[in-house]
K.L.:
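Structure below; questions to follow.
Keep in mind that the numbers below use all heavy atoms, side chains included, and drop hydrogens, waters and symmetry copies.
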Amino acid sequence: MGTATAQAASGTANPAGLRLLTSTGGVNTPPEGAPLMKFSFSNPEPSVEFAGLVFGFEAITFENNYGIDPALVSVERSDDRLVLTARGLTWAGGTRKRAGSLIATLERTPTGAIEWQVAATLDIPIKSVKTIVRGLPRGRISSSAGGWVDLGENEQVFEYPALMGGMATPLVAIEGRDQRVWGISALQSEVRPARFAFFPGADGYKVELLYEQAGWDRSNSVTTCRWRIAAATDFAGVARPHFDAVEKAWGIPKLRERTDAPDWVKHVALVLSLHGEHYTGYVFNDFARQLEILRWVAKQIDPKTVMVFLPGWDARYYWDYPKFEIGEAPGGEAAFRRLIVEWRKLGFRFGLMFGAVSANPLWSKFQTIADAQLRTIFGTAVPSDYVDWDGDRKGEPSMVFMNLAVKSWRDHLSGRISDMLTRYPIDAYFLDICGLWENNPDGDQLEGTRQLVEGVAAKHPGIIPVAEMSFDAQMGFIPMNHVPRYSLYPQASYEAVASFNHLSYPAPGRGSSGLHEIGFGHYRPVTLEQTQIPTITFVDDTFTKNRDVVMKDIATAKARFAARDRWT
């Protein structure tokens with residue numbers, strides 16, 4: 001599989017065949033680029049060679065870090081299997097001992113991949129279990145099948161599932177100097193945090209792989225997911241087996257075969273994002289203007305092939321979450337009803353935006369859902385302070401994150417969605433930031449989201465959910481996604497779910513992002529080659545000043561649709 005680094009190979013051996021390495025072995029010390037936080041001493045990392053790589057292991061509780069005691073380790077080997085058993089642990093840099101055990105079982109598969117699991121037990125709850133791998137080459141990195149990046153001398157950690165970092169599936173790849181690609185996968189059947197930390201050295205990376213157990217199910221004994229490392233001649237060679245495992249684990253059907261996606265989802269030529277009321281109260285397009293836009297668009301393209309996505313329909317964007325009631329500034333309920341009735345006559349499909357995880361604690365009824373505020377694994381509130389809503393150049397903590405695993409929030413949100421679906425002929429509901437997943441004490445957000453979707457489907461069959469920034473497990477029960485995934489292996493996304501561009505996708509002209517806090521970006525016209533559904537953002541000047549550009553985009557979207565045999 002590869003050659004261990006010189007530093008790893010030169011570690012002192014003991015009778016069990018361990019390499020008595022330390023945390024600074026094979027790692028640039030001090031770091032030559034941006035560092036990660038770490039111990040300021042050389043922590044022991046007793047390790048064992050297997051299939052050309054070197055593996056070490058640690059158990060981490062809520063109060064300390066524990067390594068394996070090399071004096072109490074036995075190793076059983078065969079050609080394609082190794083079992084390391086530690087019958088005691090150490091802490092404080094190896095100077096103190098503690099009762100506990102750790103068993104790591106490593107196997108080489110018939111395809112040449114290395115797969116392993118680690119089981120650890122202590123007399124107190126374990127937070128996470130770490131595998132330390134040496135012997136992997138330096139090179140470009142791809143996280144979650146995203147574009148290649150060169151870390152240079154920087155240390156870097158990637159986490160799954162992560163909203164901001166965009167890790168939508170637990171796969172990291174390294175392209176070595178010999179052009180071989182190494183894939184590192186966490187093969188999960190339950191969503192749990194998986195972290196991939198990279199520490200450059202002279203000859204290769206030291207990689208730390210962490211599995212964190214469920215925050216709502218603390219245990220003194222933890223068995224990790226199955227990890228896998230495999231090499232291939234190209235990226236597809238490591239991506240294909242990873243996504244095959246993902247598809248099987250989460251029951252992800254092919255889009256063409258999905259029974260939870262009505263036929264119209266499979267034949268969408270264009271999405272229109274019609275922006276309404278901004279956080280500040282500024283209205284980009286009121287309901288009357290939106291109807292005018294749609295009447296014009298209906299003359300350019302068959303409305304039956306167009307989905308209209310409506311953010312900012314519910315008063316001030318975000319500020320008025322989670323009321324989800326029709327805003328007065330864009331025209332009120334009468335104008336909204338007229339808009340829906342008229343575009344239904346025209347034949348458009350319609351998606352309405354809801355916030356899956358955000359609420360304003362100043363809402364008069366907030367105490368009815370207050371128990372659902374999202375917490376970290378330690379029980380502290382997860383701050384929602386990353387957006388500068390008011391222009392003071394600092395994020396406001398005016399909103400709080402909510403947890404769909406908690407019944408009060410799930411009932412409230414599903415109730416508001418159901419109310420709008422009952423009163424109006426709506427085809428889809430958008431779950432803003434549903435890709436946020438935090439390991440917390442109150443329950444699995446994935447399962448909470450699944451319960452919401454299943455509950456809405458039972459009351460309103462044929463109405464689809466749309467995910468924002470989804471991770472792989474959500475693709476099993478949400479057939480449409482707002483943001484495409486896996487740019488280096490896009491078939492894992494577009495063959496599974498329909499996908500269109502984010503609501504912040506720059507509008508024609510100045511590139512306004514509409515309601516979104518990003519402000520302005522560079523407008524990018526629709527192309528014939530794009531895999532995601534063409535999306536046109538309408539802000540305040542799109543219809544009045546940039547209609548000619550919109551016409552060109554619509555024409556290209558029609559040509560793309562025809563070239564794909566009218567397939568999404």
Side-chain angles (χ1 to χ4, degrees), residues 268 270-321 323-355 416-417 419-430 432 466 500-501 503-516 523 534-551 553-554 557:
V268 179
L270 179 68
V271 172
L272 306 177
S273 291
L274 305 185
H275 287 256
E277 186 175 355
H278 189 268
Y279 172 91
T280 63
Y282 179 83
V283 177
F284 286 95
N285 299 286
D286 62 18
F287 300 140
R289 168 66 65 79
Q290 291 171 9
L291 180 55
E292 184 182 2
I293 291 169
L294 294 180
R295 285 172 172 160
W296 176 79
V297 170
K299 298 175 183 178
Q300 318 299 320
I301 187 172
D302 182 358
K304 293 183 179 63
T305 67
V306 179
M307 188 180 92
V308 180
F309 172 54
L310 195 62
W313 61 276
D314 53 330
R316 288 173 58 187
Y317 180 68
Y318 265 77
W319 177 260
D320 281 304
Y321 283 9
K323 291 191 295 184
F324 303 122
E325 297 173 355
I326 297 166
E328 291 299 322
E333 187 162 357
F336 182 82
R337 180 173 294 280
R338 181 167 178 250
L339 171 66
I340 299 294
V341 169
E342 291 298 319
W343 72 24
R344 177 61 69 188
K345 289 180 182 177
L346 291 168
F348 291 97
R349 296 293 178 173
F350 175 52
L352 201 61
M353 181 173 182
F354 294 85
R416 294 306 308 134
I417 293 170
D419 177 67
M420 293 301 293
L421 297 183
T422 299
R423 293 164 58 200
Y424 299 99
I426 296 166
D427 301 286
Y429 60 97
F430 175 73
D432 188 34
V466 181
F500 63 102
N501 286 117
L503 66 93
S504 65
Y505 196 75
R510 298 180 299 164
S512 167
S513 65
L515 301 171
H516 195 264
Y523 158 70
T535 307
I536 303 175
T537 301
F538 279 81
V539 292
D540 45 1
D541 63 355
T542 308
F543 190 57
T544 56
K545 295 182 179 180
N546 296 286
R547 205 178 308 186
D548 57 336
V549 181
V550 174
M551 288 182 68
D553 272 351
I554 292 175

K.L.:
Taking atom CG of L294 and atom CH2 of W343, what is their separation to the nearest 0.5 Å?
P.N.:
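Reported value, rounded in 0.5 Å steps: 5.5 Å.
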K.L.:
Rounded to the nearest 0.5 Å, how far does CD1 of I293 lie from OG1 of T544?
P.N.:
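The CD1 atom of I293 is 9.0 Å from OG1 of T544, to the nearest 0.5 Å.
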K.L.:
Identify the two heavy atoms, one from D320 and one from A315, that lie closest to each other, and give their separation to 0.1 Å.
P.N.:
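For D320 versus A315, the nearest heavy atoms are OD2-CB, 3.1 Å.
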K.L.:
Does a salt bridge link D540 with R289, judged by any charged N lying under 4.0 Å from a carboxylate O?
P.N.:
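Judged by the 4.0 Å cut-off on N to carboxylate O distance, D540 and R289 do not form a salt bridge.
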K.L.:
Would you call F309 and T535 a side-chain contact if the rule is heavy atoms closer than 4.5 Å?
P.N.:
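Contact flag for F309/T535 side chains = no.
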K.L.:
Strictly distance-based, threshold 3.5 Å: is any side-chain N or O of D541 a donor or acceptor partner for the main-chain N or O of G509?
P.N.:
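No, the answer is negative, given that no donor and acceptor are paired below the 3.5 Å cut-off.
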K.L.:
I need the E333 CD to I340 CD1 distance, nearest 0.5 Å.
P.N.:
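Taking CD in E333 and CD1 in I340, the distance rounds to 11.0 Å.
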K.L.:
Might you point out which heavy atoms bring P508 and N546 nearest each other, and give the distance in Å?
P.N.:
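That would be O-ND2, 3.6 Å.
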K.L.:
Testing F354, F287, F284 one by one against W313 for a ring-ring contact (aromatic ring centres under 6.0 Å, His included), which residue passes?
P.N.:
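That would be F354.
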K.L.:
Tell me the closest heavy-atom pair linking A298 and P303, and the distance in Å.
P.N.:
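Closest pair (atom of A298, atom of P303, distance): CB-CG, 3.7 Å.
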K.L.:
Tell me whether R295 is salt-bridged to E292, with the criterion being a basic N under 4.0 Å from an acidic carboxylate O.
P.N.:
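Salt bridge absent between R295 and E292.
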K.L.:
Would you give me the side-chain donor-acceptor pairs under 3.5 Å for residues 270-281, sequence neighbours excluded?
P.N.:
{"residue": "H275", "atom": "ND1", "partner": "L515", "partner atom": "N", "Å": "3.0"}
{"residue": "H275", "atom": "NE2", "partner": "L503", "partner atom": "O", "Å": "3.0"}
{"residue": "H278", "atom": "ND1", "partner": "T280", "partner atom": "N", "Å": "3.1"}
{"residue": "H278", "atom": "ND1", "partner": "T280", "partner atom": "OG1", "Å": "3.1"}
{"residue": "T280", "atom": "OG1", "partner": "Y282", "partner atom": "N", "Å": "3.4"}

K.L.:
Once rounded to the nearest 0.5 Å, what's the spacing between atom OH of Y321 and atom CG of D314?
P.N.:
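Taking OH in Y321 and CG in D314, the distance rounds to 5.5 Å.
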K.L.:
Testing the basics here: between T537 and S512, what is the closest heavy-atom pair and its distance to 0.1 Å?
P.N.:
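The pair with the smallest heavy-atom distance is CG2-O, 4.3 Å.
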K.L.:
With a cut-off of 6.0 Å (strictly less than), are more than 12 heavy atoms of other residues, nucleotides or ligands near CZ of R423?
P.N.:
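Count over threshold, so yes.
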K.L.:
Just wondering, do R349 and V268 contact through their side chains at under 4.5 Å, heavy atoms?
P.N.:
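No, their side chains stay 4.5 Å or more apart.
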K.L.:
Which pair of non-hydrogen atoms, one from I426 and one from L352, has the smallest distance, and what is that distance?
P.N.:
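Scanning both residues completely, I find the closest heavy atoms to be CD1-CD2, 3.6 Å.
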K.L.:
Tell me, please, whether F348 has R344 positioned over its six-membered ring: NZ or CZ under 6.0 Å from the ring centre and within 45 degrees of its axis?
P.N.:
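Relative to the ring axis of F348, which defines the angle, R344 lies outside at least one limit.
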K.L.:
Report yes if the side chains of Y429 and M420 come closer than 4.5 Å at any heavy-atom pair, otherwise no.
P.N.:
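No, every pair of side-chain atoms sits at 4.5 Å or beyond.
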K.L.:
Quick one, D419 and F324 - any side-chain contact, counting heavy atoms below 4.5 Å?
P.N.:
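Not in contact.
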K.L.:
Nearest 0.5 Å please: distance from the CZ atom of R510 over to the NZ atom of K545.
P.N.:
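Separation between the atoms: 7.0 Å.
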K.L.:
Hey, could you give me the CZ/CD distance between R338 and Q290, rounded to the nearest 0.5 Å?
P.N.:
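Separation between the atoms: 12.5 Å.
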K.L.:
Are F350 and Y424, when compared by the centres of their aromatic rings, separated by less than 6.0 Å?
P.N.:
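No, the ring of F350 stays outside the 6.0 Å limit from the ring of Y424, centre to centre.
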K.L.:
Where do D432 and G355 come nearest, in terms of heavy atoms and distance?
P.N.:
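In terms of heavy atoms, the two residues are closest at CB-CA, 3.8 Å.
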